[in-house]
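Reviewing the structure listed below.
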Amino acid sequence: MIRVVSVSKVYNKGEPNQVRAVWEVSLHVPQGEMAVVRGPSGSGKTTLLTLIGCFARPSSGEIQVAGKPISRLPEKFMTLHRRKHVGMMFQQFNLIQDLSVEKNVAIPLYPLQLSGRLIDERVDALLHMVRLDKRRAFPVKRLSGGEQQRVAIARALANDPEIVLADEPTAHLDTALSQELMTMLQALKAEGRTIVIASHDPVVYGHPSVDRVLTMKDGCMSEV
Amino acid sequence: MNRYLNLLDFTLYSLLRRKWKILFLMLLFSYLVFLFSSVLLLTGAIKNEAKKGVRALPDITIQRLTAGRQVPIPAAYGEKLREVFGIAEIEPRIWGYYFVASTQANYTILGYDNERDAWKGLGRIVLQGTSGVSLGEGEAILGEGILKDRYLRLGQTLSLDTPSQTTKSFQVVGAFKGVTNLLTYDVILLNQRDAREILGVEEGFVTDFSVYISNKNEITTVAKKIMQILPGTRVVIKNQLARTYDMVYSWRSGFTLITLLGCLFAFAMMVWERASGLSAEEKREIGILKATGWDTSDILIMKSWEGLGISLTSFVAGLIGSYVFTFVLGAPLLKSLILGWSVLYPPFTFTPSVSLDQILVLLSLTVVPYLIATVIPSWRAATVDPDTVIRGV
Amino acid sequence: MTSTVRRRSRFRPAALFLGALALLAVGLCLCYAHGIKAARHSAEQAPLREIAVRIVGSSDLAIYNAARYLRHVTLTDVSTPFQECPGCFDYFPEAMSANPPGFNELSTQMSFGAP
């Protein structure tokens, strides 16, 4: 499903503050598998996720999704690809704090040609899945960390993506909630989605549903 | 269509989060439009009202000046005017002002010459008393303002003082209809002999001459000839009178608008503040939208909805408010600022006269800058890489 | 997955907003209709106005018959309606906007014509 071939990402190339965030990384994640990229802070995990998710272009190398090269697409097509195929859970959640739970979850659906009723139905289903029905009208800033994480999950799944990316999903959760999160991700995997997680949490990379663990250090990769 | 409606929904949800700020902004915007367009509508209406009568004005008015001020003109000048080719009609007029100390009102006294063609239409604009529409000595036709100022009705008696300190009485035989109030409210129509006596215009003199020209294209030529044969006179042609209205009301309108400049500066500061860039929170929100599948055009549509929603709604609301204020309520307060004051002030409502180009100018000074100030900074933020959002930058 | 039944507002915000815009448009149309009706009424009275202008001899409006240039602003001076000099602006606020104080209240007696 996801094939990364010798991908590098260099920020501020040619300048004194040049940073090699990812260097010559290759990996393959078949469809329906769950892969975890572990490594210390600054190892390039997040950058790799952004490249896979089409949030940025690699400086060199190629990324293929379902056999189609996506790394050199024009910005408009990268956005379309992201919109149709990718759901992202951000480390900082990146929710709009003053907006309600249901509006946050619906954000990926607004630019689509869906009727208001269909959007409402989809949001209802997602909130039920993450058990936030009763909190739907609450502004996100009034939720706990675990609840905000669930909102982030619901939003990531709003567009029914084939690929789910999660950047340090358990960073703000305790062990029990982390286990709960992994259970949800396992369920998503069971639906046939491909999941790539960046995390240094042993609860995550030690979970039995994880198919492969890759280690990154200083932008380079090795597999465990 | 669904896409645009969905984006509009999201825009409105976003605006509701800052509802008091947005409400204040819209109120200020509407108020600004209301003020400016009220002044423009009022000025336009009164100019229009004044210009409606221009067609019926004399083509040329001839006055005599001595030491820079108007003085009575010899009636014999009328004979010299008959020698000028192209003149269809010459009307010597007797008119002037009469000041009433007790009420501090100024009346306009006109001498009636029932030989003139012009006076034949008098019956259509006069409510008659006991006699037909002709004016003998000792009779008067009054404007509504005079009737009210003197507490008179048809059939009663009006007393006026002469320069020789005698009092003369006139029976009120007619009153000008209310429809002509703007022109006749302060007018007393007397027989020409009576008018001459009250105003102190000596025999052999008249106040001025009204001249009508056969070929309207020759007015200026005839005016020049008159100036040659009658030196020491001032020759005023019709289009000079019309231009004076533009000047008088434009000056008043401009003066009033200058006093409203403070509001315009407040608005300009607001627009400048918006144009100078988005807040960190707004940039972050745009980044989140991009990261969750929105592209640049979606964000621009949303911001356009926001800009248009606030500015266009406020503009139209302000415009409707100013129309109602000016043409339905009669522009209280503003009317006295623009039109001036008078002891005898006729009641009237303006005929709506809306100049589309003025509305468009107001639109371009308010809605367009606000829209640009909303969309352009957002466009700059919308072209940012979503990668930066993920990094929390 | 089943959806929970929830109470939802009957109208989406976009519909309410567009409804408000439509109301404003109706307001504009009403203003336009009012203007047309008033213009028609004014046009019907135009012949009477013209007669009045012919008789009075001026189309100057009777709304500042106590100003310095008195009633006939257009005839007081052809190059300026204000008497002092060509292009002079009128004094503000008197003559333009506010009544002068009543001269009857002045300490020195002033009289015009017969008392």
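Hydrogens, waters and symmetry mates are skipped; everything else that's a heavy atom, side chains included, is used.
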Nearest heavy atoms of A:Q113 and B:R3, plus distance in Å = OE1-N, 3.3 Å
Identify the two heavy atoms, one from A:F55 and one from B:A291, that lie closest to each other, and give their separation to 0.1 Å.
-> CE2-O, 3.0 Å
Interface moiety of A:R57 toward chain B, non-hydrogen atoms closer than 4.5 Å | neither
Point-to-point distance, once rounded to the nearest 0.5 Å, from NZ of A:K103 to CZ of B:R17 | 11.0 Å
Note: vs chain B, highest number of non-hydrogen pairs under 4.5 angstrom among A:H81, A:R155, A:Q97 is A:R155
If you round to the nearest 0.5 Å, how far is CZ of A:R82 from NZ of B:K290?
-> 7.0 Å
Side chain to side chain contact (heavy atoms under 4.5 Å, CB included) evaluation trace for B:F10 with A:L99 | CA-CA 10 Å; B:F10 184 78; A:L99 214 52; 3.6 Å; yes
Rounded to the nearest 0.5 Å, what separation is found between the CG atom of B:N2 and the CG atom of A:L109?
-> 12.0 Å
B:L333, CG: over 12 other non-hydrogen atoms inside 6.0 angstrom = no
Which portion of A:I119 sits near chain B, non-hydrogen atoms under 4.5 angstrom = side chain
Is the count of non-hydrogen atoms from other residues, nucleotides or ligands lying under 6.0 Å from B:Y31 atom OH greater than 12?
-> no
Which bit of A:K76 is near chain B, if near means a heavy-atom gap under 4.5 Å: side chain, backbone, both or neither?
-> side chain
Apply salt bridge (Lys or Arg N to Asp or Glu O under 4.0 Å) to A:K141 and list each qualifying residue two or more places apart in sequence or on a separate chain.
-> A:D98
Determine the option with the most heavy-atom pairs under 4.5 angstrom with chain B, choosing from A:L112, A:V86, A:L49, A:L114.
-> A:L114
Could you tell me the separation between the OH atom of A:Y110 and the OG1 atom of B:T11, rounded to the nearest 0.5 Å?
-> 10.0 Å
Please check if the side chain of B:W294 supplies one atom and the backbone of A:I107 the other of a donor-acceptor pair under 3.5 Å.
-> yes
Picking from B:D295, B:T296, B:D298, what satisfies side-chain contact (heavy atoms from CB on, under 4.5 Å) with A:T79?
-> B:D295
Engaged part of B:M1 at the chain A interface, taking heavy atoms whose separation is under 4.5 Å = backbone
Point-to-point distance, once rounded to the nearest 0.5 Å, from OG1 of B:T292 to CG of A:N94 | 9.5 Å
